[in-house]
Amino acid sequence: MCPSPNAPSPAEPGAEPESASDAGAKLNFVEQEIEKDIAEGKAPKGVITRFPPEPNGYLHIGHAKAICVDFGIAEKFGGHCNLRFDDTNPAKESQEYVDSIKDDIRWLGFDWGDNEFYASDYFEDLFGFAVQLINKGLAYVCDLNAEDTRSYRGTPHEPGKNSPYRDRSVEENLALFQKMRDGELPDGACTLRAKIDMASANLNMRDPVLYRIARAHHHRTGDTWCIYPMYDFAHGQSDAIEGVTHSLCSLEFENHRPLYNWFLENIDGIGSPRQIEFARMNLTYTITSKRNLLGLVEEGHVSGWDDPRMPTIRGLRKRGYTPEAIRKLCDSTGLTKFNALHDMHLLENALREDLNKRADRRMAVLKPLKVVITNLGEDESIAREAVNNPEDGEGTTRTVHLTREIWIEQDDFREEAPRKFFRLKAGGDVRLRYGYVIHCDEVIKDSSGEIVELRCTYNPDTADGKTPEGMKKVKGIIHWVSARDAVDAEVRLYDHLFREPQPGSGDRSILDDLNPKSMEVVLNAKLEPALGEAPVGERYQFERLGYFVRAEGPGVIYNRAVSLRDSWAKIEKKS
RNA sequence: GGCGGCAUAGCGCAAUUGGUUAGCGCACCAGAAUUUGACUCUGGGGGUUUCAGGUUCGAGUCCUGAUGCCGCUUCCA
């Protein structure tokens with residue numbers, strides 16, 4: 001079905017609407033370009049994009065942006081997105097990475113259906129394309145070694161010079177290229193190069209290498225091949241083979257676009273995908289460079305690629321992040337060509353916003369201080385209903401028991417409290433969340449002067465937020481856990497991995513900027529009993545503290561994903 | 001000294017493609033409400049649209065030049 005120029009609507013009857021502007025949303029510059037292409041009939045089978053990871057590492061938050069863009073735009077235009085592994089360099093790639101990448105993409109909530117492809121599936125096609133170029137006099141086998149190839153290429157300021165092997169005959173090139181494939185030449189002996197222009201202002205056009213000889217075991221093709229195509233020779237052609245209409249990539253490939261197009265123009269009837277570049281997403285207080293991330297792992301600054309402080313998808317997962325929060329960030333940061341640096345707080349806010357709606361509330365005391373309620377008997381306990389989540393509209397509750405001995409947060413008591421300290425102080429009152437107002441009668445210290453216990457009385461007339469006649473309304477509310485019922489736990493308090501917004505900028509190194517307080521392990525936290533039974537991966541809001549996720553044992557362990565906003569901390573900081 | 005990009009509140013993005021007083025989110029400040037100092041709600045401050053020329057009745061938008069930043073010198077992707 002070929003649309004006429006005057007009736008460019010490419011949609012088949014019953015197909016999804018081809019115009020994204022139907023949705024009424026503002027289009028970013030990529031979507032505007034795609035819209036134009038559709039109007040010109042350039043995507044007769046719908047918009048097809050691709051996400052093309054090289055399986056040589058784990059996905060990180062930067063990849064999440066690309067995934068959201070590639071899958072999101074395809075969906076917006078009623079098309080689809082292929083998952084294609086760009087596995088053209090076997091020395092660095094492995095099946096393990098393929099598996100982890102697929103797992104992470106699924107976790108993020110995207111589905112490629114049957115559209116899973118590998119550049120290595122096209123090795124035979126690619127070889128044929130290369131032969132075609134040789135036959136057209138557009139490619140040649142070059143015997144220059146790597147070093148000479150580099151020096152012949154010139155620099156950005158000076159032109160390169162032609163390889164002495166540039167003018168070999170078609171027959172000779174054909175024979176040599178076959179020899180390369182047949183394994184008759186040692187690694188590095190020669191390369192196949194495109195014959196373009198050694199004086200081009202664009203270095204990528206100075207007779208780029210198409211194939212190198214490398215005897216490396218490929219995770220999919222095994223030892224079938226000893227020559228492998230370079231990225232530039234594989235990418236556009238793979239796009240074309242798959243019928244990709246829009247190949248969206250990061251800004252650094254802008255200079256490659258002329259080469260991308262050169263191949264498409266010089267290989268017969270292959271198709272014409274369009275490459276459009278956009279800026280990748282950078283976040284403050286973290287890094288996404290694969291080399292530096294690897295360094296952190298290898299030098300033991302983190303526990304692994306899935307350390308909850310790492311910007312990897314696996315790390316974020318363990319940290320307690322939701323796919324929804326990550327997608328929210330990616331969607332809200334816009335799509336432009338401006339090399340932007342986004343505030344990490346946006347990601348944290350996205351998580352708070354998501355979990356505020358979904359996470360059940362629980363009470364947990366991280367740094368416990370014992371409180372004895374002297375007007376409650378040893379065996380007495382008062383059952384109180386606590387709302388699980390005031391935001392989800394369901395209003396389900398659980399029961400917590402107030403007992404004679406409870407734990408409160410050390411931070412929630414001051415002997416001498418500053419102005420505006422709405423918590424418990426010596427001789428003062430505070431309300432226990434879901435409970436009663438208590439009055440601090442006595443502060444008990446050990447021989448070194450450390451506060452070890454508070455003796456308080458509770459006021460039975462203050463249940464359910466009531467303030468009896470004549471009593472001043474108590475403003476402060478603190479969380480607590482019954483000492484009788486408490487579950488002991490380890491809680492890991494995570495913070496930014498780096499203490500500088502732009503780690504390693506200026507003359508500092510990445511390591512100079514590591515945050516020494518990026519993880520604090522609290523060993524004897526006291527949790528309300530329900531938290532002891534939660535499954536691994538379950539997320540909760542610990543009231544007044546933050547959002548936490550149950551981690552793998554042994555024992556009960558929680559990771560802090562993100563703290564709650566804390567305006568008291570801000571007030572204190574100022575004074 | 002080359003080539004390719006980019007530049008709009010502190011940060012990130014809009015601005016009906018040349019048309020009123022340049023908007024939005026976050027951040028910030030103030031207040032309201034509240035059994036989480038959370039969430040929510042209301043209001044507020046903050047701009048020489050990098051700079052200099054030009055075209056036009058009219059320029060954030062078009063043209064010229066300058067400045068700053070990013071990328072390009074892997075047989076990596």
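Letters A, B, ... mirror the listed sequences (proteins, then strands); counts begin at 1. The basis for the numbers below is simple: all heavy atoms, side chains too, and nothing from hydrogens, waters or symmetry mates.
Between A/Phe253 and A/His256, the angle of the ring planes goes over 60°, which puts this pair in the perpendicular group of the 30/60° scheme. A/Phe85 and A/Tyr118 have parallel rings, their planes meeting at less than 30° on a 0 to 90° scale where 60° marks the start of perpendicular. Aromatic ring orientation, A/Tyr228 versus A/His218: parallel (interplanar angle below 30°, classes split at 30° and 60°).
Counting any heavy atom pair closer than 4.0 Å across all strands shown, A/Gly334 reaches no nucleic acid atom. Residue contacts shown for A/Arg423 include a base, since a base heavy atom lies under 4.0 Å away. Across all strands, A/Glu277 comes closer than 4.0 Å to no nucleic acid atom at all (heavy-atom distances). Note on A/Phe253: a base of the nucleic acid sits closer than 4.0 angstrom, heavy atoms only. Across all strands shown, A/Thr88 has heavy atoms under 4.0 Å from sugar-phosphate atoms exclusively, and none from any base. Using a 4.0 Å heavy-atom distance criterion, A/Glu54 is classed as a sugar-phosphate-only contact. Using a 4.0 Å heavy-atom criterion, one finds that A/Phe421 contacts the bases of the nucleic acid, with or without backbone contacts as well. Counting any heavy atom pair closer than 4.0 Å across all strands shown, A/Asp232 reaches no nucleic acid atom. Using a 4.0 Å heavy-atom criterion, one finds that A/Arg153 contacts the sugar-phosphate atoms exclusively. Nucleic acid contact for A/His345: none, since no nucleic acid atom lies under 4.0 Å from a heavy atom of the residue. The residue A/His157 sits close to a base: some heavy atom pair falls under 4.0 Å. Contacts of A/Ser567 with the nucleic acid, taken as non-hydrogen atoms under 4.0 Å apart, involve only primed sugar atoms and P, OP1 or OP2. Residue contacts for A/Leu346: at a heavy-atom cut-off of 4.0 Å it reaches the sugar-phosphate backbone alone, with no base atom in range. Using a 4.0 Å heavy-atom distance criterion, A/Ala340 is classed as a sugar-phosphate-only contact.
Two residues, A/Leu144 and A/Asn28, neighbour RNA chain B, and the one matched to the more 5' nucleotide by heavy-atom proximity is A/Asn28. The residue among A/Thr333 and A/Arg431 whose nearest nucleotide of RNA chain B lies closer to the 5′ end is A/Thr333.
Side-chain atoms of A/Glu252 and A/Ser250 form a donor-acceptor pair, as typed in the model, at a separation below 3.5 Å.
Rounded to whole Å, the distance from CD on A/Glu348 to P on B/A27 is 11 Å. Atoms NE2 (A/His342) and P (B/G10) sit 17 Å apart, rounded to a whole Å. Atom-to-atom, CZ of A/Arg215 to P of B/C75 comes out at 19 Å; the value is rounded to the nearest Å. We find that CG of A/Asp86 is positioned 7 Å from C1' of B/A77, with the value rounded to whole Å. Between A/Phe422 atom CZ and B/A38 atom P the separation is 11 Å, expressed in whole Å. When the C1' atom of B/C75 is taken as reference, atom CG of A/Asp207 falls 14 Å away, rounded to whole Å. As a whole-Å value, the separation of A/Glu158 CD from B/C72 P is 18 Å. Atom pair A/Leu424:CG and B/G37:C1' shows a separation of 16 Å (rounding to whole Å applied).
Straight-line distance between the P atoms of B/G1 and B/U61: roughly 28 Å, to the nearest whole Å. Of the P atoms belonging to B/G19 and B/A59, the separation is 11 Å, rounded to the nearest Å. As rounded to the nearest Å, B/U49 and B/G12 have C1' atoms that lie 16 Å from one another. Comparing B/C13 with B/U8, their P atoms sit 9 Å apart, to the nearest whole Å. Across the C1' atoms, B/A77 and B/U64 are found 39 Å apart, a figure rounded to whole Å. Comparing B/G46 with B/G58, their P atoms sit 30 Å apart, to the nearest whole Å. Distance noted for atom P between B/A7 and B/G54: 24 Å (whole Å). Between B/A22 and B/U17, the two C1' atoms lie 15 Å apart (nearest whole Å).
With a cut-off of 3.5 Å on both Watson-Crick or G-U wobble distances, the partner of B/G46 is given as none. Nucleotide B/C6 forms a Watson-Crick or G-U wobble pair with B/G68, both donor-acceptor distances falling under 3.5 Å. The pairing partner recorded for B/C57 is B/G19, the criterion being a Watson-Crick or G-U wobble arrangement whose two distances lie under 3.5 angstrom. Across every strand in view, B/G1 sits unpaired, with no contact that passes the Watson-Crick or G-U test at under 3.5 angstrom. If you check B/C24 for Watson-Crick or wobble pairing at under 3.5 angstrom, you find it paired to B/G12. When Watson-Crick and G-U wobble pairs are counted only if both distances are under 3.5 Å, B/U35 pairs with no nucleotide at all.
Residues A/Asp207 and A/Asp197 approach most closely at OD1-N, 3.4 Å, considering heavy atoms.
In terms of polar N and O atoms assigned as donor or acceptor, the side chain of A/Arg361 comes within less than 3.5 Å of the base of B/U36 in a complementary pairing. For B/U40, the base has no donor-acceptor partner in the side chain of A/Glu391 [N/O atoms by modelled type, under 3.5 angstrom].
Taking the 5.5 Å centre cut-off and the 30° plane limit, the aromatic side chain of A/Trp568 is classed as stacked on B/G37.
Judged by the 6.0 Å distance and 45° axis criteria, A/Arg181 is positioned over the aromatic ring of A/Phe127. A/Arg274 forms no cation-pi arrangement with A/Tyr260, by the criterion of a distance under 6.0 Å to the ring centre and an angle within 45° of the ring axis.
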Fill in the blank from the handout: In 5'-to-3' order, the base (B), backbone-only (S) or no-contact (-) status of each nucleotide in nucleotides 59-68 of chain B, using a 4.0 angstrom heavy-atom cut-off, is ----------
Completion exercise
Per-nt protein contacts along nucleotides 3-9 of chain B (heavy atom under 4.0 Å; B base, S backbone sugar-phosphate only, - none) come out as SSSSS--
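Summarising the local packing, NZ of A/Lys179 is surrounded by 12 or fewer heavy atoms from other residues, nucleotides or ligands at distances under 6.0 Å. Counting heavy-atom neighbours within 6.0 Å of A/Lys420 NZ, excluding the residue itself, gives a total of 12 or less. Within 6.0 Å of the CD atom in A/Glu385, the count of heavy atoms belonging to other residues, nucleotides or ligands exceeds 12.
Between A/Arg544 and A/Asp412, at least one side-chain N (NZ, or NE/NH1/NH2) sits under 4.0 Å from a carboxylate O, which counts as a salt bridge. With respect to A/Glu277 and A/Arg257, a salt bridge is recorded, a charged nitrogen being found less than 4.0 Å from a carboxylate O. The residues A/Glu324 and A/Arg358 are annotated as salt-bridged, a charged nitrogen and a carboxylate oxygen being separated by less than 4.0 angstrom.
Within 90° of 0 lies the glycosidic angle of B/U17, which makes this nucleotide syn.
Of the options A/Arg362, A/His479, A/Arg433, a side-chain hydrogen bond (donor to acceptor under 3.5 Å, both in side chains) to A/Glu543 is made by A/Arg433 and by none of the others.
Within the 4.0 Å cut-off from OP1 or OP2 of B/C13, at least one side-chain nitrogen or oxygen of A/Thr336 is found. Remark: A/Arg544 is in phosphate contact with B/G37, judged by side-chain N or O atoms under 4.0 Å from OP1 or OP2. Put simply, A/Asn349 has a side-chain N or O that comes within less than 4.0 Å of OP1 or OP2 on B/A27. Contact annotation: A/Arg352 does not reach the phosphate of B/A38 (side-chain N/O to OP1 or OP2, under 4.0 Å). One finds a side-chain N or O of A/Lys570 lying less than 4.0 angstrom from the OP1 or OP2 phosphate oxygen of B/C28.
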